[in-house]
K.L.:
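Below is the structure I would like to discuss, written out as structure tokens.
We name chains A, B, ... by the order of the sequence lines, and we start the count at 1 in each one. Computed from a predicted structure; not experimentally measured.
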Amino acid sequence: MSDNNSHKDSFEYVNPDLVDNILSQYPDKRSATLPLLHLAQTQEGYISNAVVDTVAQITETHPAEVMDCASFYTMFYLRVQGRYILQVCQTLSCSLNGADALVDHITDRYGIGPGETTPDGKFTLMKVECLGSCGTAPVVQINNDYHEGLSKEILDELLESLQ
Amino acid sequence: MATIVTSYEPTFWDKLYFPALLRGLMVTLRHFFQKKVTIQYPDAKYIPPEGYRGLHRLNKYPDGRIRCVACEMCAAACPSGCIHIVPGAPPWEDGKERYPVSFDIDLLRCIFCGFCEMACPEQAIELTEIYDFSNSSREGLWINKDGLLEVYEMTKDENYYMKKSHEADLTSG
Amino acid sequence: MSDFQPILTEHIHQKECHTLSFYISVGGYSALEKVLAMSADDVIELVKASNLRGRGGAGFPAGVKWSFIPQDGEKPKYLINNADESEPGTFKDRLLINKTPHQILEGMIIASYAIGCNTAFIYIRGEFFKEYQLLEKVVAEAYEGNFLGKGILGSDYDLDVVIHRGAGAYICGEETGLIESLEGKRGWPRIKPPFPAIEGYLKCPTVVNNVETLSNLPHIINRGPEWFKSIGPEKGPGPKLFCVSGNVNSPGVFEEPMGIPLKDLIFDLAGGIKDGNELKAVFPGGSSSAILTAEEALSVNMDFDSLAEIKTMLGSAGVIVMDEKVDMVQACLNIARFYAHESCGQCTPCREGTAWLVKILTRITSGDGNSNDIDMILEITDNIGGLIDFSKGSFGKTICPFGEAVAWPVRSFVEKFENNFRQYISQEESVT
Amino acid sequence: MPLLKIDNAELEVESGITVLQAATANRIEIPHYCYHPALETVGSCRMCIVQIEGMPKLQVSCNTFVGEAPPDKKIDEKYDMVVHTQTELVKQGRKNVLEFLLLNHPLDCPVCDQAGECFLQDYAFKFGNAHSRFEEEKRVRPSEYLGSQIVINQNRCIMCTRCVRFTRQISGTGELFVQKRGYDFKISALEDQPLDNLLAGNVTDICPVGALLSTDYIHKNRIWNLHEQPSVCQDCSVGCNINVFYQKDRIFRVSPRENHDANGYFICDIGRYGFHRFEEIERMTSPMRRDEEELTEIQWDEAIKVVAKNLSDAKEKIVFVASPFHTNETNFMLGRFQKGFFGALPLIEEEGITYPSGFSINSDRSPNHRGMNDVCPSILEDMASEIDQQNIKVMYILDDGVDRELDQEWKEILMKMDFVVVQSYALTEVAESAHIILPGLAPFEREGTVTNDQGRVQWLRPSLPLKGKARPDWRIIMEVVNTMGKQELSYSDVGEILAEMGKCFPAYEGVSLFRLGDYGLSINGKVKSS
Amino acid sequence: MDIVTLIIICVKALVVFAAIMLTVMAMTLAERRISAFMQNRLGPNRVGPKGLLQPLADGIKFLMKEDVIPSGVDKPIFLLAPVMLIVPALMTFAIIPFGSELHLFGRAIQLQVADINIGVLYILALTSVGVYGIVLAGWSSNSKYPLLGGLRSSAQLISYELAMGLAIVSIILLAGSLRLNDIIIQQQGHFLSWNVFKQPLAFLIFVVAVYAETNRLPFDLTEAEQELVGGYHTEYSSIKFAMFYMAEYANMITASALTVTLFLGGWDIPLMNEAALGNLGVLLSVVSFVIKTALFLFIFIWVRWTFPRFRYDQLMRLGWKVMLPLALVNIFLTAGYLTLTV
């Protein structure tokens, strides 16, 4: 059925006020689905079935519809990811400026291909499409932070600093 | 376009008829001394040509499982309605969805047109070269799945009649 | 270098240019005050008169779009600021958000006032987390400064602004997809009619405008439509942010008037081609536009109509420059893969066609191409995007313009750089 | 009303309907997949494209609305819209869409249960290319169970999302969703919330291809082997219109038949799989007499004679028990006894459900309660006391549902009886207490009319042959009545009884099988007989 | 007549009868085998060595088959008809000399059942009787096909009997005797003294007429399977049918023997004096007779499997318009020649 491999049975937001705040902003509850999923992912690291159920309950929709929504977006992870998610932009501008070399570099360095996580659960490598920072290509997004105008050396330094 | 036909005017010799009669007699006489085509059937078997449509068989894959997926295309294509299939789920798990639980052919109804063979998407049913399958009862000519698979075993290696061809002189009188 | 004085990006090099205090210090929110004194209809008329065309890609006149909103309905109306900037080669909105967020906000308030809406959304793409946080701060500042909330600047006009994060879907940049996404569903574009101006967010009248479009509004209000029209060509006037990226020496966003020659953009502003290489090809308006050969690129002006004349489009003005060393087939595959990845999967041609294109292009690049492939790619792009006759506009075969967005670049790659494709194929054919 | 021209047909249609609706209503074929009249339009399959004069590109006909054009914009000075469905452009467009749909669609029609009624197959034959230009590997994914009765073959799915929309809009249960996007999409259900509602079976019907399959029918037979009999569902008083698919003496499946006055487009799973109950029962195929405690087979003549004699002997002291499970004709025939009292077994009631779309399952699980009340002489309210007062000792029962369980009150009533005749097709609890059992017909063998809770008379058509010595219920009653000797009834088929019924009950006047046709007639508004 | 003479006659009759019947059997096999060979087939070869016992099997089969007598038939005549057919065929053979004079135990035995001096007339008489069998079979069957067959038969017989008789007349003119032995003696000498060379036209007419007389192809209009099912014997089965069969072959044998006698010098071996060789000569003469007859029998079969059947009108035209005039002309010419030379 779903690609979800979570085993957690229940999920609760640690900060219910934030949930209420989000709900209060929208004219209807369902519109809050995306922010709620974002919030849950910040908390859990990924979207588990339990998250889906909880969000469905809050937004008064069917869990399937929440899953329908969550699975559509690339930023919602339906399975556990590494602590640092290395998202290398591979679209044209970045590709022209050496993004592919960065991917190869990371693969060589950690032995993980795109979509894979290091055994220690620290890094997940992802090839993503345009990150909207083509002027400073190549770009790697690590979790929420953009790192622009990278070369192998700068990337190495950056990765070291994450140790 | 009209075709102009000129009538043939017989000559004197033609009118006598005797030359023509003699020619006729010579024809039959010539044949009298020619090599004979008769095959001594039960002793020697006629080897049918490629594409001969005889008794049916159900093919198997090299690993031994039946090719048929019980799609009933053959039954649908059959002009005499002699194929009877009961489909079901296969007893094994390998991606093939259907399987013939039973597969019967009423050979008395079959007209050996080969449509089933053409309709089959899996090359499962095939007409073999076997032509001598007589039986003294109606039931005996109702061949089931096991029978059809047996025919496959009999015919899979080489022409069914080839073996016997060595033994008998086909034209001996 | 151009002697044009930037308007939208006038102050971006100043420190702390994103703060409210700075913005007010350079005359910010003065337009809002003027607008609040006007009637909504007058604002719409004014914007209509300025000929401001949407900066998001389609170039639809903003004022006209607003005028579609039914004024008599009971339903609430919504404005959505489309900050889901994900067109490859485009990065202007991110700059605007980072540097002049209040300018955007002011534009939003003006637009909201014009269409009479009380809740406006900023739909920002999910990856822009920093920008999202900044906007939160900015909106909070604006609430404090009574530019938002109840009774804005003492008027009886209320407006709430909600910042909504997307979650990584290119298609949510399409207005109906965006609305769906905002509603908490998957970002599948809706079939039109009904148009969003009639039934948009929650089936209420909705206007979706691009960040840059909205950023222009305060200046139009302040300086008048005539001033605006005087910049660049009459049919699509105004200052425009051009993003230049790819193989250039100094990529970046440049604000220039509409109609600037592409040549100037690449060779003057962006510092020419990297390593002194020759120019090979240029995307003039993001990856969804048809690609230009060097020859075409050197002679064209960057405005809606000039580009339409040579069968491409201004789009979001994301200029991607490719030099002679770029393998055009690989570049084409890169673009095709992007679209295959981002296709929402709703319409048959787009869902199946994009993946097919990628498969064929992958096959060509891996050396298994055959001579039919080129014709086949052209035909498939036709079948997805339906490019039957350029002169009569687009002939999309899908619900949203995504189909065309795939078809244009891929098709133009194959048409204009057929030799590169042929080389791939013939190399391999001679080997086999 | 706007004047529409589709190809060569001039149609006057209501303003605001779509081109596709106008065409379908006038039997002009426009192929389509994602559009379903009961569901919201999404316009995603792109199959229903047509060419409309004045519009630059091909339009999807499911979302193009017909409206009145201003006088100066009329085409040919009279048409509000001119639609072409057969131009080269349209044909090529369909061809292209079909090519895309077939790229990853497996060529497994031979093993696909949809083959024969598959729109993809039909349209591919009609409009598609003969050969594929797709050289790459097809997308192959395993089949999955979406619910206990529904399996999805992901490879065959063409992503029309009809099923997803069905669960959201019709059943309102929303179990199904689309997972992922673009090329990787698939239809899924959450593991802990499978598609198991009572309308689930409908998704297999609305699926235009063989992606969604009912485990009940999968691999059982091929559709072209089956005969299709339009009939009426007998599992609740809604009277859903169904098609029964049978081969020889076996029913293979039941599918809904469109009737907007009864069930709309769908049926519930109770009715869909209900026929299995009759496969399991042990059928009564011969008249039976109770000797001591044993039931023994007897001949029809004898059985009828015995029944007639006992009924005659009982004078007026007989209770005739009508049944809401039987047809109007059988109940009406019961009324032909014209003496004694009339009663009915207690109503079988279960939970009734109404779905958000308006589709409902009635709590009254008998098909003909309304009809029974209509055509029988007044049915006693309090039968038990009446029986006591009148000291009635003879009972003639039309037995009903297989699931009928007798309550204590009824058991007592039956205990008191000297002579009980039960007309039944199985040895039910009621039949257990009978002195004589007369084998009637089982539900899918019966013919006649039934009247649903909305007062709609519908034609119940048989799909299975008679079994053994069983006889139509109305004929049994007729023979008993005739043997009793007071009357001479001679009906040769239900149509004649129906005509007679019309004479007796004004509400049924003019009702004939011919007039009922496939969709039935409403008797509302007519005077209800007392 | 002494008792020995009587015994000798009886023995001769028996030998001839047995020989004919055996030949009939052989003929049935020969017919099938030869026809098969002419059609590149093998023919029956299963019963006995090379299929030699096939006739026996056929015979047994015929005997074992149910003897069906249809209800509408005229029973006595129906039963009589096959006999009527076979008896004349056998009787005709009685006067055919099948060898020269045998000297045994001091007696001179004529190899001929009956040496009568009006042999030719006897032949003509008996061959006419044969047709009664066919006509009666056809008529008594009370069925349309046999009747048509029978009628055709009589018409055919009248037409060809005439030509045949006239052909024989020319031989009689040459021989000056009706006795068959005289005719043979008249032909003794060298090859060219055979009547076939002296009277080629008469030979041809005779042979053609004989084919018609024996109802063999190309003149088998009386049975004509394709038109009349089986002709006169449609309604016959079992042994009675076999008798028709046997009669046909017996007729063929007789006709062949007659042809040999009349035109090929009978038992005579050219350029050889059989009498000088004693009984060896007699044996040789018998062999010569058998070989000649066999040749004709072969030709009978050969012709059958070569030529198609005549149409009825063609048959009549040939008989009346060709053969009869030719036969008459032949008699005139022969008579004229004899008148001038003698």
K.L.:
Counting only heavy atoms not in C:K75, do more than 12 fall under 6.0 Å of its NZ?
P.N.:
yes
K.L.:
Looking at A:S93, A:A137, A:C94, which makes the most heavy-atom pairs under 4.5 Å with chain C?
P.N.:
A:S93
K.L.:
Please rank A:V66, A:L92, A:T33 by heavy-atom pairs under 4.5 Å with chain C and give me the top one.
P.N.:
A:L92
K.L.:
Closer than 3.5 angstrom, by distance alone: can the side chain of A:Q141 be matched with the main-chain N or O of C:E127 as a donor-acceptor pair?
P.N.:
yes
K.L.:
A:T136, A:I22, A:L34: which one forms the most heavy-atom pairs within less than 4.5 Å of chain C?
P.N.:
A:L34
K.L.:
Nearest heavy-atom pair of C:V321 and A:L96: which atoms, and what distance?
P.N.:
O-CD1, 3.7 Å
K.L.:
Please classify the contact between C:K274 and chain A as side chain, backbone, both or neither, with a heavy-atom cut-off of under 4.5 Å.
P.N.:
side chain
K.L.:
Are C:I171 and A:F72 side-chain neighbours, meaning at least one heavy-atom pair lies under 4.5 Å?
P.N.:
yes
K.L.:
Out of curiosity, C:E85 CD to A:S133 OG, how far, rounded to the nearest 0.5 Å?
P.N.:
9.5 Å
K.L.:
Measuring heavy-atom distances to chain A, does C:L95 have an atom under 4.5 Å in its side chain, in its backbone, in both, or in neither?
P.N.:
neither
K.L.:
Heavy atoms only, distances under 4.5 angstrom: which of A:P27, A:A32, A:C89 has the most pairs with chain C? Name it, please.
P.N.:
A:P27
K.L.:
Is C:K130 paired with A:E148 through a side-chain N to carboxylate O contact shorter than 4.0 Å?
P.N.:
no
K.L.:
Would you check if A:Y146 and C:F128 make a side-chain contact, meaning some heavy-atom pair closer than 4.5 Å?
P.N.:
yes
K.L.:
What part of C:I163 lies closer than 4.5 angstrom to a heavy atom of chain A: side chain, backbone, both or neither?
P.N.:
backbone
K.L.:
Rounded to the nearest 0.5 Å, what's the gap from OG1 on A:T91 to OH on C:Y170? Could you check?
P.N.:
10.5 Å
K.L.:
Using 30° and 60° as the class limits, which term best fits the ring planes of C:F121 and A:Y26: parallel, tilted or perpendicular?
P.N.:
parallel
K.L.:
Under a 4.5 Å heavy-atom cut-off, does chain A meet the side chain of C:S181, its backbone, both or neither?
P.N.:
both
K.L.:
Can you tell me which portion of C:R165 sits under 4.5 Å from chain A's heavy atoms? Options are side chain, backbone, both or neither.
P.N.:
both
K.L.:
Please check if the number of heavy atoms outside A:Q57 that lie under 6.0 Å from its CD is greater than 12.
P.N.:
no
K.L.:
What part of A:Q90 lies closer than 4.5 angstrom to a heavy atom of chain C: side chain, backbone, both or neither?
P.N.:
both
K.L.:
Go through A:T74, A:N144, A:L37 and name the one with the most non-hydrogen pairs under 4.5 angstrom from chain C.
P.N.:
A:N144
K.L.:
For C:G187 versus A:Y73, what's the shortest heavy-atom pair and its separation?
P.N.:
N-OH, 3.4 Å
K.L.:
Is A:D68 in contact with chain C via its backbone, its side chain, both, or neither, using a 4.5 Å heavy-atom distance?
P.N.:
both
K.L.:
Please look at C:R337 and chain A and tell me whether the side chain, the backbone, both or neither of the residue comes under 4.5 angstrom of a heavy atom of that chain.
P.N.:
both
K.L.:
Heavy-atom distance under 4.5 Å to chain A: side chain of C:Y201, backbone, both or neither?
P.N.:
side chain
K.L.:
Tell me the closest heavy-atom pair linking A:C130 and C:P88, and the distance in Å.
P.N.:
SG-CA, 3.4 Å
K.L.:
Given side chains that start at C-beta, do those of A:P35 and C:H164 come closer than 4.5 Å, heavy atoms only?
P.N.:
yes
K.L.:
Around atom CD of A:E12, are there more than 12 heavy atoms of other residues, nucleotides or ligands at under 6.0 Å?
P.N.:
no
K.L.:
At a heavy-atom separation under 4.5 Å, does C:Y132 approach chain A through its side chain, its backbone, both, or neither?
P.N.:
neither
K.L.:
For C:S287, is it the side chain, the backbone, both, or neither that has a heavy atom closer than 4.5 Å to a heavy atom of chain A?
P.N.:
neither
K.L.:
Where does C:E87 contact chain A at under 4.5 Å (heavy atoms): side chain, backbone, both or neither?
P.N.:
backbone
K.L.:
Is it the side chain or the backbone of C:V248 that comes within 4.5 Å of chain A heavy atoms, both, or neither?
P.N.:
neither
K.L.:
Given heavy-atom pairs under 4.5 angstrom as the criterion, report whether the side chain, backbone, both or neither of C:H341 touches chain A.
P.N.:
side chain
K.L.:
Determine whether C:N334 and A:S95 make a side-chain contact, defined as any pair of heavy atoms from C-beta on separated by less than 4.5 Å.
P.N.:
yes
K.L.:
A quick test of your reading: do over 12 heavy atoms of other residues, nucleotides or ligands sit less than 6.0 Å from NZ of A:K122?
P.N.:
yes
K.L.:
What residue, out of A:Q87, A:Q41, A:H38, has the most heavy-atom pairs lying under 4.5 Å from chain C?
P.N.:
A:H38
K.L.:
If you take all heavy atoms of A:C69 and C:G184, which pair is closest and at what distance?
P.N.:
SG-O, 3.6 Å
K.L.:
Sort C:C172 into side chain, backbone, both or neither according to what part of it lies under 4.5 angstrom from a heavy atom of chain A.
P.N.:
side chain
